[in-house]
Amino acid sequence: MTPLVEMRDISIAFGGVKAVDHVTVDLFPGEVVGLLGHNGAGKSTLIKCLSGAYQMDSGQIFINGDRVEIRNPRDARAHNIETIYQTLALADNLDAASNLFLGRELTTPLGFVDDAAMEAETRRIMGRLNPNFAKFKAPVKALSGGQRQSVAIARAVYFNARILIMDEPTAALGPQETQMVAELIQELKAQGLGIFLIEHDIHNVMKLCDRASVMKNGQLVGTVNVNAVTDEDILGMIILGKMPETGAPKMEGA
Amino acid sequence: MSEPVQAAAPRRSLWQALGVDSRLLGMIGAFVVLCLVFDVITDGRFLTPRNIFNLSIQTVSVAIMATGMVFVIVTRHIDLSVGALLATCSAVMGVMQVWVLPQSMGLGIGHPAIAPLAMASGLLAGTVIGAFNGWLIGYQRIPAFIVTLGGLLIWRNVAWYLSDGQTLGPLDKTFVLFGGIEGTLGDTLSWAVGGLACLGVLWAIWRARADRIRHDFPVKPLWAEALIATLGVGTILGFVAILNSYAVPAARLRREFRLRGETMPEGYSEVFGLPISVLMLIVVAVAMTILARRTRLGRYIFAAGGNPDAAELSGINTRMLTVKVFALMGFLCGLSAIVAQARLQNHTNDIGTLDELRVIAAAVIGGTALSGGVGTIYGAILGAVIMQSLQSGMAMVGVDAPFQNIVVGLVLVLAVWIDIQYRKRTGEKS
Ligand SMILES: Nc1ncnc2c1ncn2[C@@H]1O[C@H](COP(=O)(O)OP(=O)(O)OP(=O)(O)O)[C@@H](O)[C@H]1O
Ligand SMILES: [Mg+2]
């Protein structure tokens, strides 16, 4: 089976810092791949090469086996790649609906933005994601961290993504909302989406991910099948940067 | 704050029920107080139809540019070159209608094509120069402050070279109609325009309400909508009524009749009514408001101002957006140049001098935040009106010119300070 996404030998440096150093990861349809690593390991930088936010210095990206060039976020969206950024990337002065549809506004037949229709859609999806959400008229800067995160999640899942990138999607969420996002991830996975999930909570990783790719100092430590390893094995990979002795690590192949 | 429900909750004030921006109310309040104070000091000379007419036509040029400055500042930029750009556009139009079209191209003085061609050339010059500024800022990443500070020197003096440093005139007869007193709609047409404007307001309010009802959203109570509609219609009709009560002086009418080779009948009278330039401002205001609120471009302008990175990550081409914003600013400078030049009935070298400061002040007094992402078109226009009223009022009272400028400067700083306090109290971070 060809992977949905393959990022092969990706490198990117900022000044002298090699933020991502010859990293290869892949993702199959209906699969959740966890990207793990300590702070500054290069996880966000890696996925930003896929989402079009950064231009990698070298490496290749394949989607369904085809080599693609992702030069900007528009290219990524054209390949049905949706991203929830760690920083959320919301325009604080606009309301939830304007943010959800930013860059893809619904319009009336005359080409004017249709705020009422967008608000209606936003109410519908938020009803599923976060039923307590009620501030549809307020600028998002007036929302709590968790409410803002719900808006960012809603934006990523609304547009029928095939590839979903979630950079610490539950960092600001309460237990109930985190549970809802976990259910959402399982539902999307069942629909055949591929999901890159950056997550620090090892329990969530064990629960939600099929495979885990661990990074340290910009380099890939390795990729393992989550079923085949223990929490401690993964923690060891993150902290020591070594592959576990036991278990059946799934090695990368070209 | 929870979701507003059908009727106003008991604790909410009248203004909240009306859904009117309290900053707007503050500005209107300040403006009304200002007018009343000047009216008392000048023994009722400030609020006469004549003075209101003059105030209106003096405000137009700065107000038109201020609407564009809102977008510039909302996207976290600034344009210090608008006065100089106005001068260049004015010089282009002056040269076209005084030298190039009638003489070099041989159309002859008074040819009907002169005014439109001259205007088109000025608008084109403004748009192209603005777009070039936008390209330097958006694609070459030179700060807008520097690009337009340089532009201030460049375009003021390009204007000087274009016109050889001369005052260009007399202007084309049609062209002059756009300046104010020479081109007014008279009684009937003014009422017609006022009536159409009222219908427009009612339609917009009704549309917005129908839209919300269709989607089952909470709506304002009916009485609140009715009150807003009444205030809107009342303001429009009141304004038209005032302008329609400013009679054309008999001497001027007699001269016009004489020029046509007729004699004025006894007891004949005419009123000025709505000036074409003011009508232009109204059209610009409506168009810019629609652009800001109802188009993708407007949405992207505000998004980019609120969070440039988020806008870029949402697939918005923020560099091209910068070009568009500055091109629009340039176009509006051209439009203002038409009004300013036609009002002065000449192109002069110092046309538009210090306008950049008036325009920025108008936008900022009108609530546009220099930190970006926040601003309204109506606020900027109201800001321009307040500044002009202050200046004219002080001149009428006989305040020394240097002191007038001191007061205007103080008002600008005070307005921003009040705005900061206001945002603090409403919990808005800026
Ligand atoms: N735009 C940038 N300019 C310069 N350096 C950068 C930039 N973005 C990331 N870096 C550097 O690249 C390295 C990797 O950063 P990255 O944000 O990818 O880490 P991360 O794994 O996502 O960490 P965290 O868990 O804290 O989110 C860091 O050393 C960071 O300082
Ligand atoms: Mg990160």
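In the text below, chain A, chain B and the rest are named by the order of the sequence lines, each starting its count at 1. Values reported hereafter were calculated over all heavy atoms of this structure, with side chains retained and with hydrogens, waters and symmetry mates removed.
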Specify the closest pair of heavy atoms between B:Ala310 and A:Ala91, including all atoms of both residues, with the distance to one decimal. CB-N, 4.1 Å
Please state whether the side chain, the backbone, both or neither of B:Asp216 comes within less than 4.5 Å of a heavy atom of chain A. neither
Rounded to the nearest 0.5 Å, the OG1 atom of B:Thr295 sits from the CG atom of A:Leu110 at a distance of 13.0 Å
In terms of heavy-atom pairs under 4.5 Å with chain B, which of A:Ala53, A:Pro139, A:Ser98, A:Gly52 leads? A:Ser98
Mind checking whether A:Glu105 and B:Arg299 have side chains closer than 4.5 Å, heavy atoms only? yes
Kindly give the heavy-atom pair with the smallest separation between B:Asn307 and A:Leu90, and that separation in Å. ND2-O, 2.8 Å
Around B:Tyr378, counting heavy atoms of other residues, nucleotides and ligands shown, do more than 12 lie under 6.0 Å from its OH? yes
Of the backbone (N, CA, C, O) and the side chain (C-beta and beyond), which part of A:Ala142 lies under 4.5 Å from a heavy atom of chain B, both, or neither? neither
Just how far is it from atom CZ of B:Arg294 to atom CG of A:Asp114, taken to the nearest 0.5 Å? 6.5 Å
For a quick test of reading the model, state the closest non-hydrogen atom pair linking A:Gly103 to B:Ile316 and the distance between them. CA-CG1, 4.5 Å
Atom pairs and distances, donor-acceptor, side-chain atoms in residues 191-201 of chain A, under 3.5 Å, two or more places apart:
{"residue": "A:Glu199", "atom": "OE2", "partner": "A:Asp201", "partner atom": "N", "Å": "3.2"}
{"residue": "A:His200", "atom": "NE2", "partner": "A:Glu168", "partner atom": "OE2", "Å": "2.9"}
{"residue": "A:Asp201", "atom": "OD1", "partner": "A:His203", "partner atom": "N", "Å": "2.8"}
{"residue": "A:Asp201", "atom": "OD1", "partner": "A:Asn204", "partner atom": "N", "Å": "3.3"}

Rounded to the nearest 0.5 angstrom, the OG1-CG distance for A:Thr108 and B:Asp211 is 9.5 Å
Given that the side chain runs from C-beta out, which part of B:Arg293 has a heavy atom under 4.5 Å from chain A: side chain, backbone, both or neither? backbone
Could you check whether atom CZ of B:Phe145 has more than 12 heavy atoms from other residues, nucleotides or ligands sitting under 6.0 Å from it? no
Atom of A:Asn93, atom of B:Gly373 and distance for their closest heavy-atom approach: ND2-O, 2.8 Å
Which heavy atom of A:Ala120 sits nearest to which heavy atom of B:His215, and what is that distance? CB-CD2, 3.5 Å
Please flag which part of A:Thr107 lies under 4.5 Å from any non-hydrogen atom of chain B: side chain, backbone, both or neither. side chain
Residues 71-82 of chain A vs chain B, non-hydrogen distance cutoff under 4.5 Å, contacting residues -> A:Pro73, A:Arg74, A:Arg77
Distance from B:Leu313 atom CG to A:Leu102 atom CG, nearest 0.5 Å? 10.0 Å
When rounded to the nearest 0.5 Å, the distance separating CG of B:Asp309 from OG1 of A:Thr87 is 7.5 Å
Flag if over 12 foreign heavy atoms under 6.0 Å of CZ, A:Arg104: yes
Given that the side chain runs from C-beta out, which part of B:Tyr300 has a heavy atom under 4.5 Å from chain A: side chain, backbone, both or neither? side chain
Does any non-hydrogen side-chain atom of B:Phe217 lie less than 4.5 Å from one of A:Lys137? no
